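One structure below.
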Amino acid sequence: MPAKPLPLDDAEARLASEAIRRLERALREVLFGQDRLVELVVLGVLARGHVLLEGLPGLGKTELVKGLSRALALSNKRVQFTPDLLPGDITGNPVLEEVDGRRVFTFQPGPVFANVLLADEINRASPKTQSALLEAMQERSVTVMGQTHRLPDPFVVLATQNPIELEGTYPLPEAQLDRFLFKVEVPAAGVETLERIVLEREIGVPPEVAVVLDGHGLSKLQDQVRRVFMPPPVANYIARLVAATHPGHPAAAGVRYGASPRAALALSAAARARGLEHGRINASYEDVRDIALPVLRHRIVLDYGARLEGLSPDRFVARLLDEVPAHDKALPSSLSAAKV
Amino acid sequence: MPQPPPSADELRHAAHWTRRVRMLALEINAGWWLDYWLPWALAVALGGAFLLLWMRSRDAAAVPLVWWSIAAAAAASAGIAWLQARRRFVSVPSARVLLEERLGLDARLSAAAAGVGPWPGRRIDLDRRWPVTVRWHAPLLRAIVPALVLAGAMIVPVADARAPREHAVERPADVAAVERWADELRQERAIDEPSAADLEQAMKEILDRPREAWYDHASLEAAAHLRERTAAGLAEMSKNLAEASRAAEALGASADPGSRDAQALRERLAEAAARLAAGAIKPAGDAATKLGAEAADGLGELSPEQLAALAEALAKNRAALREALARAGTFDLDALGPEEEECEECEECQGCEKCRDGEPCDTKRLCRRCLAKRGAGAIQRGPGEAPMRAGREQDLGSERLEAVAGPTDIERAAAGDLLEVVDGDPSRAEQPAWNGPAAGGAAVAGEGSGPANVDALLPEEKQALRRFFK
């Protein structure tokens with residue numbers, strides 16, 4: 001059992017929060033009008049998770065990744081996934097080289113060897129290529145010809161997929177979806193945002209991004225996220241939320257498959273990250289509620305009947321949050337809970 | 001790394017929040033206990049109210065004991081409710097979750113309780129709303145109801161159950177009526193003592209049955225029959241007294257005792273005396289006794305004065321009978337015949353041959369009987385004595401009869417009153433079944449009620465037969 005990290009103190013939490021806010025501000029200067037998207041991407045990075053972005057083309061997903069890597073002074077790579085993309089094109093290939101008069105295979109690292117990897121339109125690659133990312137995302141290492149190569153730390157995959165033009169795509173299998181901490185839907189920009197984009201951006205000119213943190217700073221923040229205290233009642237709330245997604249639970253009507261234990265871990269890590277973002281030394285119920293939707297929406301498989309009735313994963317999670325309160329004990333008839 | 005000792009402020013904050021959390025847990029748990037106990041309290045109150053009422057009606061001195069029992073039951077039910085409510089009770093950590101969630105403390109209380117981070121300041125608690133709101137109305141109402149039930153059980157007037165109870169059962173109306181008649185008749189000395197004793201005996205037989213049985217079908221039938229039989233006997237006695245009185249008076253006034261009229265009057269007097277002697281109810285007094293004795297001797301030795309005195313005594317007897325029954329109030333006085341005393345002019349016409357023969361009398365004011373004989377109308381002429389025919393019971397033949405005496409009540413007619421069944425050849429009548437009215441009206445042979453040949457009956461006659469013998 002790993003040693004329990006020391007809890008944060010208030011001063012550490014406050015400093016960490018300020019650093020996170022700075023990073024978010026920097027990214028908001030890259031991507032206008034997408035504050036929630038920026039926040040979730042930052043939380044995902046802090047929680048050592050990977051983020052799946054779903055949205056139409058041209059919404060700034062690539063710019064966000066570039067901005068993130070620049071703000072953090074991290075290396076970044078972008079891979080456009082296509083049906084003919086091979087696993088080795090991502091992980092790297094052994095190349096026959098002549099060394100000291102002998103021909104030996106030398107591993108040529110692929111684009112996955114970067115701090116921030118943008119896997120663009122990941123659902124267009126074949127399942128075999130998609131699965132090549134599995135080990136990288138989960139183990140943070142790549143094995144080629146029996147040799148394991150560690151990926152740089154920090155390592156974050158930001159994958160995108162397009163909800164339209166689904167012909168010739170390979171929807172990500174549940175196992176792979178489960179490896180993404182968040183699935184974030186990128187909304188279309190509003191008029192004010194578009195106006196600001198028109199005024200402040202030009203095609204072909206990347207926005208300037210100030211470096212806010214370096215890799216070491218990010219790693220420190222990630223460590224601090226692990227040190228954010230998870231109170232037992234909050235852990236119990238997370239456990240009850242995840243359990244309530246499974247068929248057989250009264251709240252899980254219409255669900256074919258519920259969330260996995262990895263979802264509980266994801267909720268915990270993301271709640272901790274959000275707690276630190278808010279300068280707290282502990283995670284809270286509100287943190288869990290706030291990140292429940294991006295954590296759970298891609299981990300719930302609804303049955304056909306529920307989909308026919310118009311139930312979506314988003315609506316299910318919203319209903320779940322209503323039906324599973326933080327305080328699970330009923331109140332007697334003589335008492336009523338005051339509004340929060 | 002050793003933790004620095006908590007400051008005094010931190011200790012105060014910790015104590016404050018610990019106290020608040022415990023208070024909240026206590027409040028919630030008390031609410032649950034109340035939820036479970038109030039139905040028990042209502043049940044105890046209802047049972048206690050029943051016991052209180054019962055005990056107040058039996059032994060008021062034992063009421064305090066009932067109160068102690070109610071208190072013990074309430075305490076026991078409180079214990080049961082506590083056992084039932086335990087599974088709903090919230091623990092201190094659970095109450096802490098509710099408190100920190102409702103106060104928006106971001107799980108800081110749970111973290112502080114786990115030793116991570118400081119306790120929030122007390123000001124937060126004081127500035128924000130308490131996490132639960134007490135709804136007093138429902139529990140208060142549910143608590144008031146048992147109290148009202150118990151208070152009602154003490155306030156409601158209760159009769160002493162040990163006091164003997166008399167369930168007054170009214171005598172059947174017919175028996176009561178006959179009883180009143182008998183009392184009045186005895187008081188007026190209108191009937192003789194054996195007749196009064198017979199009436200009392202008949203009433204006694206009915207009333208000796210259990211009171212619960214007074215109103216069963218058999219008792220009511222017997223009472224109704226007694227009343228009818230008594231009324232009929234009294235009416236018969238009244239008519240016979242009147243007949244005897246008139247005959248005696250006319251006989252006394254007769255100039256020639258040997259004449260045919262006098263002989264006829266003598267016979268009428270004798271017949272009336274015989275009917276009086278044979279009646280179910282006999283008149284009281286010397287006049288009736290003397291009349292009976294003289295009738296047995298042939299009425300030959302009575303002087304005109306004695307006959308007049310006898311007539312007057314019989315009339316007085318009849319008047320006493322009427323007066324007594326009038327006082328009783330439930331007797332149909334018309335059944336006694338006309339009240340001759342009301343007819344001042346009747347003195348003149350009673351001896352009148354025309355009147356006796358049923359012909360119109362010349363007197364100015366006549367009694368109802370005379371008026372009826374004259375066809376001048378009367379209040380109650382009855383259905384008459386028209387010859388009835390099977391299947392035409394409603395045809396009373398009244399269009400042919402102006403006045404009838406002794407009408408047959410079709411409602412109460414027995415089968416033999418209208419039809420006669422005889423042995424022998426059904427196609428021939430051996431003797432007339434009915435000889436027509438005894439007096440007054442047109443005499444009709446009455447062949448309609450003679451023996452019936454069933455094969456020759458009309459359809460309606462057959463239906464009438466079926467009804468009678470059903």
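For clarity, every value in this text was computed on a predicted model and none was experimentally measured. Chain identifiers are assigned alphabetically (A, B, ...) following the order of the sequence lines, protein sequences preceding nucleic acid strands; residue numbering begins at 1 within each chain. When reading the values below, keep in mind they use all heavy atoms of this one structure, side chains included, and skip hydrogens, waters and symmetry mates.
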Whatever's closer than 4.5 Å to a heavy atom in chain A on B:Ala111 counts as both
Cut-off 4.5 Å, heavy atoms of chain B, and the answer for A:Ala13 is neither
Nearest heavy-atom approach of A:Arg289 to B:Glu101 is NH1-OE2, 3.3 Å
When every non-hydrogen atom of B:Ala107 is compared with those of A:Tyr285, the smallest separation belongs to CB-CE1, 4.0 Å
The reported gap from CG in B:Asp106 to CD in A:Glu286 (rounded to nearest 0.5 angstrom) is 7.5 Å
| said: Between B:Ser110 and A:Val234, is there a side-chain heavy-atom distance shorter than 4.5 Å? | reply: no
Among B:Gly31, B:Ala95, B:Pro93, the residue with the most heavy-atom pairs under 4.5 Å to chain A is B:Gly31
### Query
Considering only heavy atoms from C-beta outward, does the side chain of B:Ile28 approach that of A:Leu335 to under 4.5 Å?
yes
Exceeds 12 heavy-atom contacts within 6.0 angstrom, atom CH2 of B:Trp40 = no
Tightest non-hydrogen contact, residues B:Arg142 and A:Ser333, listed as NH1-OG, 3.9 Å
Query - CZ/A:Arg36: more than 12 non-hydrogen atoms of other groups inside 6.0 Å - result: yes
Heavy-atom side-chain proximity of A:Lys329 to B:Ser94 below 4.5 angstrom: yes
In this structure, CZ of B:Arg108 is separated from OG of A:Ser284 (nearest 0.5 Å) by 11.0 Å
For a side-chain contact (heavy atoms from CB on, under 4.5 Å) check, start with the C-alpha distance between A:Ser334 and B:His137, then their side-chain angles and the critical distance, and finish with the verdict. CA-CA 8 Å; A:Ser334 57; B:His137 299 86; over 6 Å; no
| field | Flag if over 12 foreign heavy atoms under 6.0 Å of CZ, B:Arg58 | value | yes
Open item on the list: When you compare the side chain of A:Pro231 with that of B:Arg96, does any pair of heavy atoms fall below 4.5 Å?
Closed with: no
Counting only heavy atoms not in B:Phe50 (residues, nucleotides, ligands), do more than 12 fall under 6.0 Å from its CZ? no
Heavy-atom closest pair (B:Val97 atom, A:Ala326 atom, distance to 0.1 Å) is CG1-O, 3.9 Å
Most contact-rich option vs chain A, by heavy-atom pairs under 4.5 angstrom, among B:Val134, B:Leu98, B:Val132, is B:Leu98
- Side-chain touch A:Asp10/B:Pro118, heavy atoms, less than 4.5 angstrom: yes
